[in-house]
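Contents: one structure, followed by commentary.
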Amino acid sequence: MNAVRHEGRVVASLEDEIEDRHRRQLALARYEILDTGLEAEFDAIVKAAAAACGMPLSLINLIDRDRQWAKAMAGDGPKELPLSTSICALAIAYDDGFEIPDATQDVRIAGNPLVTGKSHLRFYAGVPLKTPEGIAIGTLCVADDKPGQLTDAQRLILRTLAQQVMTALELRVMLRQHRRSDHRSKAILESAVDYAIVSLDLTGHVTSWNIGAERILGWTEAEMCGQPAHLFFTDEDIRDGIPEQEMGQALLHGRGNDERWHRRKDGSRFYALGEMMPLKDEDGAPDGFIKILRDHTEQRLAAETQRADAEFMRGVLASSADCIKVLDLDANLTFMSEGGMRVMEVSDFNAIKGCPWPDFWAGQGNADAIAAVAAARAGGVGHFQGGADTMAGNPRWWDVQVTPILGADGKPERLLSVSRDITEQKTAETKLAASEERWRGLFTSMQEGFFLGELVRDAGGRAIDYRFLEINPAFARQSGLPADCIGKTIRTYVPDIDQGLIDNVARVVETGDPTLVDVDVPGLDRWFEVRIGKDRGERFSCLFLDISARKLSDVRRAAMTELGDRLRDLSDKAEVLQVAAQVLGPALRLAHTGYGEVDQDRETISVTQGWAAPGLSGLDGLFQFRDYGSYIEELKEGEAVVIDDVSVDPRTAADADTLAAIDIRALLNLPLMEHAQFKAVLYVAKSAPHAWTPEEISFVRNVADRTRATLARIEAEARQRTLNLELSHRMKNMLAMVQSIATQTMRGAADLDTARDVLANRLIALGKSHDLLLGGTLSQAPLTSLIERVLDIHRDRSDRFVIDGPTVMIGSKAALSLSLMLHELATNAAKYGALSNANGRVTITWRIDEDGRDAPVTIRWVEAGGPSVVAPKRTGFGTRLIGRGLAGSFDGEVALIYPATGVVCTIVAPLRGLMASETTEPIH
């Protein structure tokens, strides 16, 4: 039973509601907040909410199993209520907030005792308090005994304060976990062999030193504990006071950047990226520092080489200026440097002079700009980084510093704002921050999977399994293992796990040397990069990085390469289908795959040579579709059928046992259509339930397309051989016919113009007749089909052409002319225009502007993405063919223009002209 959205809230089934209550109870238990005493930080939030919204009552209400309990309250309200009368129990279902202007007019709560009783509640607004997992545990709400309505600003404040409540609750959890995480933290630190993680006291002396620090710097922890951090700084940095400056920055700003050369125990130098952050005690007072370094010597040397190669470019860019502005004390713009106008793309400073400078920033940037102005106005320095668009609308990221310009009396009289474009640096910092995030979050907030394990040995002492002692949420998500797997072994979930992985773990435990391995877990259908480190005794730690996407991409890329190589020289249809199945099956770890020919009327599929995984029987034979589900109608309509689990999908649930008997629990059927008829199907199947990803479906489509292209090539080669023989005979006859037409036309013509027109019309008619001999037709055809048929030879990728317009039937008289015109346009585009490179594309659209047979139809050919276009200096035969011969065939007008972006051809013709049938004039 699925949930639906109604009036902005989620209405769930009874089962979902019970599950939500259970999840909410677990979340509340995690925060350990119910029935606790008053706390200043929560009291301050409700007071702020009441003041900001202008309400006499504000509460932080938590929704327990059968009651509503108030953690904090500003005003006079109920401390506790049963859920049957709780309005907040309704509000938690509304993601964007729940607001009732007048409770007496709202059928949902008009009869609530809070409304009808002495509380006399009329106005209510509440915002759900949501955990990071999206579980609503209560609300931050305001209420009044008079009807009312919040402004957008008040709603924003209420949502922001609700986020502050959850931030405070999360901090409580983090503080509790921090006290219990010493051992876990040590295990993580010791597994970070690529990072030097060093803790210092407030004087800069080493208090701890992980394995990564020993590996990178050379000293052991015993050698460095109690020693000053100066030992691994260079002499010049020590002379310049860099260690002290880093500690000062960490204390002042919460972080001190570290990007410089350092010294190892053996005296060699290495370049490191990292940072220093303050450590605080339980009262929030500085208690020391943690310094994280990573060896980036190779990257640094490579960057220096690049900088040497780019010296000329740096000289050119040296003239670029920061954006320097002068503001009055009200933060209005009074001056901007010339370089500033250039980088901010300001064409006329007078247009923005006097504007409030903070208004150029949005969201958090606006708040940071106001704070920076306030700091400078008070005589200090305001600094922040934020994103703001240039005046031309181009997004940029800026490092901004605002300082006071002092007057003669020593007081600020104006403000100086200097903005530096750090877009590229910010991008690099973002990437670096993502790389470093797992070390800042340590355990539960790590993005990488992590677990502590213990080896399990047999009676002979050989490691045969390992047991999970602790896992983090990221590992549970990555591996697909349940969160309650602690205490159980890996073979409980993956019985056929590679013994080599367990041997690697045993080797690390026995030698103490960490190792890095790639692990393929077929039972989970995932790949991991695993860092294994020794903990103590038989215990070890594993740090996981899910590389499944990369591995799967590599496998599919190799499979497509193999498929192309093997199909290139094949000329037998059955062999082509067999090769496609042989490549597709192992690439997706399928149970079955192959092609089957379909009898649409009998609803059967015939498989002559399907592929099956080792140990499984093939599916060769004749099968009735409806014996295996009820999805045949979708296939007939050309729709792909994707089923993740045949036992729960309504189309196959009734036949799940039949499918299981042939080892199918998940399936994907891709219909192959021919002239809108269901002719064949590419089927893939797995023997266990499987959620098909868009990448897998796309891969199957690519294999199908590549196979279809090869089959089309084989068929085209066969047709071409026959056609060549046919053309030789027909060309001789046609040349004789052309000579006869020309002779007869000139003989009976009164003048040259008449002869030209008659000859042109008769040659067009002859060409159409020739086209019919090669497979054409006199019947009407959809315009879409005509265009696709003409342009198909130029379609080298799926998005090369955009074809869009209403249904229009083209008669035989216009079809040939329009075909030749499109052919000529496409040929020119392939030589000189949008089809001559890999990036160009052509858009063909049409519209009908009125009703009736005389309604004008406008067809437009627009090229884009090709080389720059210039108008030809002379009119060639092709252009004359488009402009004169074709438009005249269906009483239309043609306009051909050559903008630099690409050729544009517009045809306007009456609908009756396009729909007219051909009447061939006899030859006299």
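Note: Trp219 and Trp209 have perpendicular aromatic rings, judged against thresholds of 30 and 60 degrees for the angle between ring planes. Between Phe544 and Phe528, the ring planes are perpendicular. Angles over 60° get that label, and only those under 30° would be called parallel.
Checking side-chain atoms of Arg556 against main-chain N and O of Phe699 turns up no donor-acceptor pair under 3.5 Å. Judged purely by atom type and a 3.5 angstrom limit, Thr658 has no side-chain atom pairing as donor or acceptor with the backbone of Tyr628. Listed for the Gln25 side chain is no donor-acceptor partner under 3.5 Å among the backbone atoms of His22. Trp692 places a side-chain N or O within 3.5 Å of a backbone atom of Ile643 that can act as its donor or acceptor partner. Of the possible donor and acceptor atoms, one in the side chain of Arg263 sits under 3.5 Å from a partner among the backbone N and O of Leu231. Side chain of Asp201 to main chain of Thr203: a donor-acceptor pair is present (N/O by atom type, distance under 3.5 Å, no hydrogens or angles). A donor-acceptor pair is defined here as one N or O able to donate and one able to accept, closer than 3.5 Å; such a pair exists between the side chain of Asn472 and the backbone of Glu448. Looking only at distances, no side-chain donor or acceptor of Arg651 sits under 3.5 Å from a matching main-chain atom of Gly629. No donor-acceptor distance shorter than 3.5 angstrom exists from the side chain of Lys534 to the backbone of Phe540, with no hydrogens or angles considered. Judged by distance alone, the side chain of Thr511 and the main-chain N or O of Arg507 form a donor-acceptor pair under 3.5 Å.
At a threshold of 4.0 Å, the pair Arg176-Glu32 counts as salt-bridged, since one of the basic side-chain nitrogens sits closer than that to a carboxylate oxygen. A salt bridge between Glu223 and Lys265 is present, with a side-chain N of the basic residue lying under 4.0 Å from a carboxylate O of the acidic one. Remark: Arg300 does not engage Asp295 in a salt bridge, criterion side-chain N to carboxylate O under 4.0 Å. Of the charged side-chain nitrogens involved, none lies within less than 4.0 Å of a carboxylate oxygen, so that Glu133 and Arg23 do not count as a salt-bridged pair. A salt bridge links Arg457 to Glu510: at least one charged side-chain nitrogen sits closer than 4.0 Å to a carboxylate oxygen. With respect to the salt-bridge test (charged N to carboxylate O, under 4.0 angstrom), the residues Glu246 and Arg260 qualify.
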Apply side chain to side chain contact (heavy atoms under 4.5 Å, CB included) to the pair Glu538 and Tyr466, showing each step before the final yes or no. CA-CA 10 Å; Glu538 293 287 277; Tyr466 59 77; over 6 Å; no

What's the verdict on ring-ring contact (aromatic ring centres under 6.0 Å, His included) for Phe475 and Phe451, showing C-alpha distance, side-chain angles and the deciding distance? CA-CA 7 Å; Phe475 175 73; Phe451 76 83; 5.0 Å; yes

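In this structure, a donor-acceptor pair under 3.5 Å is absent between the side chains of Glu214 and Asn210. For the residue pair Thr707/Tyr595, the side-chain donor-acceptor check at 3.5 Å is satisfied. Inspection of the His690 and Glu696 side chains reveals an N or O donor paired with an N or O acceptor under 3.5 Å.
When the ring pair (Phe, Tyr, Trp, His ring centres under 6.0 Å) test is applied to Phe289, no partner is found at least two apart in sequence or on another chain.
With rounding to the nearest 0.5 Å, the separation of CG in Leu516 from CD1 in Ile532 is 8.5 Å. The CG atom of Leu682 lies 6.0 Å from the CG atom of Leu584; values are rounded to the nearest 0.5 Å. The distance from the CD atom of Gln249 to the CD1 atom of Ile242 is 8.5 Å, given to the nearest 0.5 Å. To the nearest 0.5 Å, atom NZ of residue Lys291 and atom CD1 of residue Ile197 are 12.5 Å apart.
Counting only heavy atoms from C-beta outward, the side chains of Lys686 and Arg589 approach each other to under 4.5 Å.
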